[in-house]
Asker: 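Have a look at this one.
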Amino acid sequence: MKNKVGEIRPGQLITTFGPGAIIDSVNDSLMILDIRYWDKAKDIIYDKNLADFLGKHYFKKVPATGEKADLPVIPFPFYHECSNTKCRRLFDIRDNFNIREYLEKGPRCPSCNWRAHPARFVISCEDNHLEDFPWKWWAHGKEHKECNGRLTLSSGGDSSGLESLSVKCECMESGKSLRGALDPKSFKGYKCKGAHPHKLEFNGECGKDVIPLQRGASNVYFAAIRSAISFSGDSHIKELLIKHQNALIQWEQKRGENGLKDYYEVNFEGKVFKDFNHFYNEWIRFKGNKSGEKLNYKQIKEFEYEKFTDFKDKIKIPKENPEFEAEAQPVPIELQRYFSKIIKVHRLKEIMVLLGFMRNESPEPEVENPKEIVWLESGTEEKWLPAVETFGEGIFIEFNRETVNSWLQSVEDKSKKFSVLYDRWLKKKGWTKLEDRNALYVMMHTLSHLLIKQLSLKSGYSSVAIKERIYCSETMAGILLYTGSADQEGTLGGLVEMGSIDKFREILDEALEEAMFCTNDPVCSTLEVDEENDLNGSACFACSMISETSCEVGNRLLDRSLVVPLQDSVIIPYFDGLI
């Protein structure tokens, strides 16, 4: 790996540091290029539901380990500052760039050869473009001036604030303070150039007002991800056809059905397909409709929910080398009022797909075509996106529908308030409403967080490692708490062990008892659901909130008063009578 400049895990690339994100490596900050440049991504992942939903032919695994697994990157931001306090030169690394020297020593100052660091500021716009901070424009008094003078970045040392920093061009008598460098109002007269560095596009047509950002700030990059629990229906057949499709097309064009038969006998006989007729029918179907009919995300969840609930004792899919294995637990009499099923999921496979990203704001969740995201582009006729498979374990809980319907009537006013505020919030963002978010969703979501907090104390996994999946509609009422690893063997069984009914009852009791009191009470317990409170009611980080990477909706739509009785609350909680 002679050109190696850093390492990153496949899961991180999908969730945090995908194409378009700024990654800190040992010597520099880097940006991974768009997937059109990923010529070493070969391995196929196929999930019918997710591919149909996203309108893609298939997905490709993020290359991992070995000399053939590297991905192309560029240094970004391009402007670097010298670490020599006597030099302090600010320069564009692209000027007189020497790849061999860069790989050996990292970025170096062209004046004194000291080590250089990437500049701390970048600028974006509401259309998700990204470019270097306009250092020359700022140094020349916020005026566009043709000048090749040397820039220096110096510190007065008077304070730790931006006002003590100044950038100076050698053609100017004095430097310009960086006071206001992170205030959009300071950039009147400067317009976005429409750059997408990950696509190697630096001069587009945009003209929008710019938004200054710190290079390492979390709002520089928000990944747009879709995921699904995979049940290996006909995925093996699809993967095989995708892998051999170019050769099959050529043999069919040369000799028709006879050519396909010859290819089948050499490559497929005795594998996957029952016989040639089975293979031929699957090939015709594959050619006729590569991506299938469009699904919505609700249908994907309904399919998963059906798989979780449509068995009595045990299930293995497929029976040999299962990727999904689950076991139903007997629900104790005292819990049957609240739950219909408690299921230990010994093994599951999740596929996470990276669609693209946004800057400054998080992307629209769960829809097929999220508004305003920068889509990754394969640059080929075959439509694909990068994905990662994680193998894991979990606990699935189905709520008693009769109790749910009865309880919803008793909290009708509160439920309506959540629904109205959620609709208003979606409308303000310009997002599509897919499903109502009433008291049932909020109750299940809050319980999910409370259980994750308790499971993290006893399962051997941190709360960051445990994720949730909420199934809520007129026909669904369940939550899946799960964890996963990109390793083929998956996880070690610590979480699924907590699904044993005696241990689960203990976890549930402790979670509900903890939820009754918060260190921020009485302030927390008296909070009313409000848009300014992120659509939350009685909830805060001390009691109900978890890591946003584990939460489906960014720690929104939480309220303890719907789960357990709180002081001075008149709401009847779902678990009224259990504690």
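Since this is a predicted model, take the numbers as computed values, not measurements.
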Asker: Please tabulate, one pair per line, all N/O donor-acceptor pairs under 3.5 Å involving side-chain atoms of residues 564-575, not counting sequence neighbours.
Answerer:
residue : atom : partner : partner atom : Å
Ser569  : OG   : Ile571  : N            : 3.3
Tyr574  : OH   : Tyr338  : O            : 2.7

Asker: Would the number of heavy atoms belonging to other residues, nucleotides or ligands and lying under 6.0 Å from NZ of Lys341 be above 12?
Answerer: yes
Asker: Check side-chain hydrogen bond (donor to acceptor under 3.5 Å, both in side chains) between Ser410 and all other residues, then give those that pass, not counting sequence neighbours.
Answerer: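 Partners of Ser410 by the side-chain hydrogen bond (donor to acceptor under 3.5 Å, both in side chains) criterion come out as none, since no residue qualifies.
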Asker: Can you name the residues that form a salt bridge (Lys or Arg N to Asp or Glu O under 4.0 Å) with Asp24, not counting sequence neighbours?
Answerer: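 In terms of salt bridge (Lys or Arg N to Asp or Glu O under 4.0 Å), with neighbours along the sequence ignored, Asp24 is linked to Arg215.
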Asker: Using the salt bridge (Lys or Arg N to Asp or Glu O under 4.0 Å) criterion, which residues pair with Lys414? Sequence neighbours excluded.
Answerer: Glu528, Asp559
Asker: Can you confirm whether Ile395 sits close enough to Ile343 that some side-chain heavy atom of one is under 4.5 Å from a side-chain heavy atom of the other?
Answerer: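 Ile395 does not reach Ile343 side chain to side chain.
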Asker: According to side-chain hydrogen bond (donor to acceptor under 3.5 Å, both in side chains), who are the partners of Glu327, at least two apart in sequence or on a separate chain?
Answerer: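 Glu327 satisfies side-chain hydrogen bond (donor to acceptor under 3.5 Å, both in side chains) with His346 once adjacent residues are dropped.
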Asker: Using side-chain contact (heavy atoms from CB on, under 4.5 Å) as the criterion, list what pairs up with Lys42, not counting sequence neighbours.
Answerer: none
Asker: Does the ring center of Phe357 lie less than 6.0 Å from the ring center of Phe17?
Answerer: no
Asker: In chain order, what residues pass the side-chain hydrogen bond (donor to acceptor under 3.5 Å, both in side chains) check against Asp509, with sequence neighbours excluded?
Answerer: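 Checked Asp509 against side-chain hydrogen bond (donor to acceptor under 3.5 Å, both in side chains); matches are Arg505.
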Asker: Checking Lys428 now: which residues fulfil salt bridge (Lys or Arg N to Asp or Glu O under 4.0 Å) with it, not counting sequence neighbours?
Answerer: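 With sequence neighbours excluded, Lys428 shows a salt bridge (Lys or Arg N to Asp or Glu O under 4.0 Å) to Glu531, given in chain and number order.
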Asker: Please enumerate all residues that pass side-chain hydrogen bond (donor to acceptor under 3.5 Å, both in side chains) together with Asp576, with sequence neighbours excluded.
Answerer: none
Asker: Quick one: are Trp431 and Lys433 in side-chain contact, heavy atoms under 4.5 Å?
Answerer: no
Asker: Which residues satisfy the salt bridge (Lys or Arg N to Asp or Glu O under 4.0 Å) test with Glu513, sequence neighbours excluded?
Answerer: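 With sequence neighbours excluded, Glu513 shows a salt bridge (Lys or Arg N to Asp or Glu O under 4.0 Å) to no residue whatsoever.
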Asker: Which residues pass the side-chain contact (heavy atoms from CB on, under 4.5 Å) test with Thr16, not counting sequence neighbours?
Answerer: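 None.
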Asker: Suppose the criterion is ring-ring contact (aromatic ring centres under 6.0 Å, His included): which pairs have a residue in residues 529-560, not counting sequence neighbours?
Answerer: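 Listed once each, the pairs would be none.
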Asker: Evaluate the criterion side-chain contact (heavy atoms from CB on, under 4.5 Å) for residue pair Phe504 and Phe339; output intermediate values, then yes/no.
Answerer: CA-CA 12 Å; Phe504 177 78; Phe339 304 119; 4.3 Å; yes
